[in-house]
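Just so we're clear, the structure is a prediction, and the values are computed from it rather than from any experiment. All residue numbers in this chain count up from 1 along the given sequence.
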Amino acid sequence: MAPIRTIIMGAAGRDFHNFNVFFRGNPEYEVVAFTATQIPNIEGRVYPAELAGPQYPKGIPIYPESDLVRLIKELKVDQVVFAYSDVPHEYVMHKASTVLAAGADFRLMGTKATMLKSSKPVVAVCAVRTGSGKSQTTRRVSLILRELGYKVAAIRHPMPYGDLVKQAVQRFETYADLDKHECTIEEREEYEPHLDNGVIVYAGVDYEKILRQAEQEVDIILWDGGNNDFPFYVPDLYIVVADPHRPGHELAYHPGETNVRAADVFVLNKVDTARPEDVIKVRESLYAVNPNAIFIEAASPLFVENANAIRGKRVLVVEDGPTLTHGEMAYGAGWVAARRFGAAEIVDPRPFAVRSILETYHKYPTTGPILPAMGYGEAQMKDLEETINRSDVDLVISATPIDLTRVIKVQKPIQRVRYELQEIGKPDLMDILSEKFGRKK
């Protein structure tokens with residue numbers, strides 16, 4: 001029987017993982033192409049032969065998703081696998097309808113086919129949407145586990161935007177490792193805060209090799225999820241962060257609803273800044289689907305270096321890129337800080353945007369008068385730098401998780417805004433983690 005000719009739709013993350021754990025070396029399937037969306041400059045490349053295995057001596061080509069219908073017909077494709085995250089359920093079904101009309105089957109792959117089993121306990125932190133607060137939750141969990149005496153490694157959902165062979169297994173312990181691996185702003189935003197807390201970070205492309213290496217040096221694996229994807233590893237404790245700033249999204253986005261239904265613990269974040277009625281609405285929505293999960297309410301308080309420096313200033317607010325773009329948030333912690341600490345004006349950066357930053361505003365028109373810290377590669381970092389420096393403002397408020405001045409030259413005064421998770425009431429994460437794992441003997 002001829003192998004099933006397959007295209008995997010992705011965004012340089014779950015698509016590669018699904019291939020590695022299910023399709024690579026599987027004679028029943030032939031993956032003839034990947035398609036790419038969401039992330040700039042990943043189409044037009046090849047998933048390399050060194051990673052694809054002997055079945056693919058020339059590697060596997062990566063095309064723009066806009067070519068999908070043509071590819072199905074020209075490559076005589078039997079099935080299309082959808083493998084990226086943080087999209088509305090309706091969007092997924094529109095893609096399914098497009099594939100079905102072109103003659104192929106449409107497939108979503110679940111946990112049994114794609115999760116790897118670790119020899120060490122795994123705590124997974126995932127979310128219902130991008131921008132819910134996974135990062136500060138993961139940092140909080142890592143600090144608690146260390147307080148309990150465990151050595152922890154955070155394994156981050158993939159962001160392999162460079163040389164895929166070089167990025168197959170990446171280990172980060174110092175800032176020098178970030179420079180060595182030529183990390184983008186998006187990667188640094190996720191890795192630097194862990195390094196600041198003394199937690200090793202792993203990431204890359206081949207997540208079985210990553211897992212087996214991490215298992216050699218730590219007691220507990222901490223899965224640090226990306227977007228609203230579900231884990232690559234079988235979790236022993238499954239924590240899911242929900243955002244009452246976007247009530248209703250918890251059951252309306254793929255695969256966030258998968259996380260909701262599988263969660264052991266919900267962290268209902270940002271309750272200090274959300275409307276009380278929205279907090280109740282999200283809590284009731286989650287409970288209706290998964291009444292057995294434990295609920296924790298939490299805030300994400302802001303920490304500003306010098307709040308007085310903001311008062312009376314015309315400011316440019318820079319926020320985490322994915323949260324504003326496909327995360328669809330109109331604002332973040334930087335905007336809140338500007339309003340709270342008396343900025344005279346939040347200046348619209350769009351008149352000053354150049355090249356790829358301008359294209360980002362065209363692609364995501366709901367982003368509004370906030371600057372997303374887009375930095376998928378050196379050229380886009382330069383565009384971000386030029387946009388900031390062209391802006392007619394007194395002060396830049398940066399609410400990305402990293403120090404932007406380490407990667408771009410900002411010619412204006414800058415104030416960083418940080419945020420950490422702060423649980424409210426009982427039970428809290430310490431209660432849950434200490435009950436689950438105890439204190440290391």
Handout entry: Donor + acceptor pair across side chains of Gln170, Tyr191 (<3.5 Å)
Key = no
Practice task
Taking Glu319 for its side chain and Gly334 for its backbone only, find out whether a donor-acceptor pair lies under 3.5 Å.
Solution key: yes
Practice task
Any chance you could measure Ile62, atom CD1, to Ile8, atom CD1, to the nearest 0.5 Å?
Solution key: 10.5 Å
Handout entry: Set of ring-ring contact (aromatic ring centres under 6.0 Å, His included) partners for Phe23, sequence neighbours left out
Key = Tyr29
Exercise for the section: Using the six-membered ring wherever Trp is involved, compare the ring planes of Phe172 and His181 and label them parallel, tilted or perpendicular (cut-offs 30° and 60°). Expected result: perpendicular
Handout entry: Arg261/Glu257 ion pair, N-O < 4.0 Å
Key = yes
Practice task
Mind checking the CG-CD spacing from Asp272 to Glu297? Nearest 0.5 Å is all I need.
Solution key: 10.5 Å
Handout entry: Exam field: side chain Arg314 to backbone Val347, donor-acceptor pair closer than 3.5 Å
Key = no
Exercise for the section: Would you kindly say whether Asn227 and Tyr253 are connected by a side-chain donor-acceptor distance under 3.5 Å? Expected result: no
Practice task
Measure from NZ or CZ of Arg14 to the centre of the six-membered ring of Phe230 and say whether it is under 6.0 Å with the direction within 45° of the ring axis.
Solution key: yes
Handout entry: Distance under 6.0 Å and angle within 45° of ring axis: Arg45 vs Phe16
Key = no
Handout entry: Test: Arg390 cationic atom under 6.0 Å from Phe352 six-membered ring centre, within 45° of axis
Key = no
Handout entry: Ile155 backbone acceptor or donor facing Tyr233 side chain under 3.5 Å
Key = no
Problem - Between CG on residue Asn259 and NE2 on residue His254, distance to nearest 0.5 Å - result: 10.0 Å
Fill in the blank from the handout: When rounded to the nearest 0.5 Å, the distance separating CG of Asp243 from CG of Asn228 is 12.0 Å
Handout entry: Residues Arg171, Glu173: salt bridge by 4.0 Å N-O rule
Key = yes
Problem - Heavy atoms of other groups near Arg212 CZ, more than 12 under 6.0 Å - result: yes
Exercise for the section: Report the residue from Val87, Asp15, Asn18 that forms a side chain to side chain contact (heavy atoms under 4.5 Å, CB included) with Phe82. Expected result: Val87
Practice task
Examine the side chains of Asp224 and His194 and answer whether a donor and an acceptor come within less than 3.5 Å of each other.
Solution key: yes
Problem - Spacing of CD1 belonging to Ile7 relative to OH belonging to Tyr63, to within rounding of 0.5 Å - result: 8.5 Å
Problem - Thr273 versus His245, side-chain donor and acceptor atoms under 3.5 Å - result: yes
Handout entry: Donor-acceptor contact below 3.5 Å, side chain Ser285 vs main chain Lys281
Key = no
Exercise for the section: Give a yes or no on whether the backbone of Asp394 and the side-chain of Lys313 come within a donor-acceptor separation of less than 3.5 Å. Expected result: no
Handout entry: Flag, side chain of Asn197 to backbone of Val199, donor-acceptor distance under 3.5 Å
Key = no
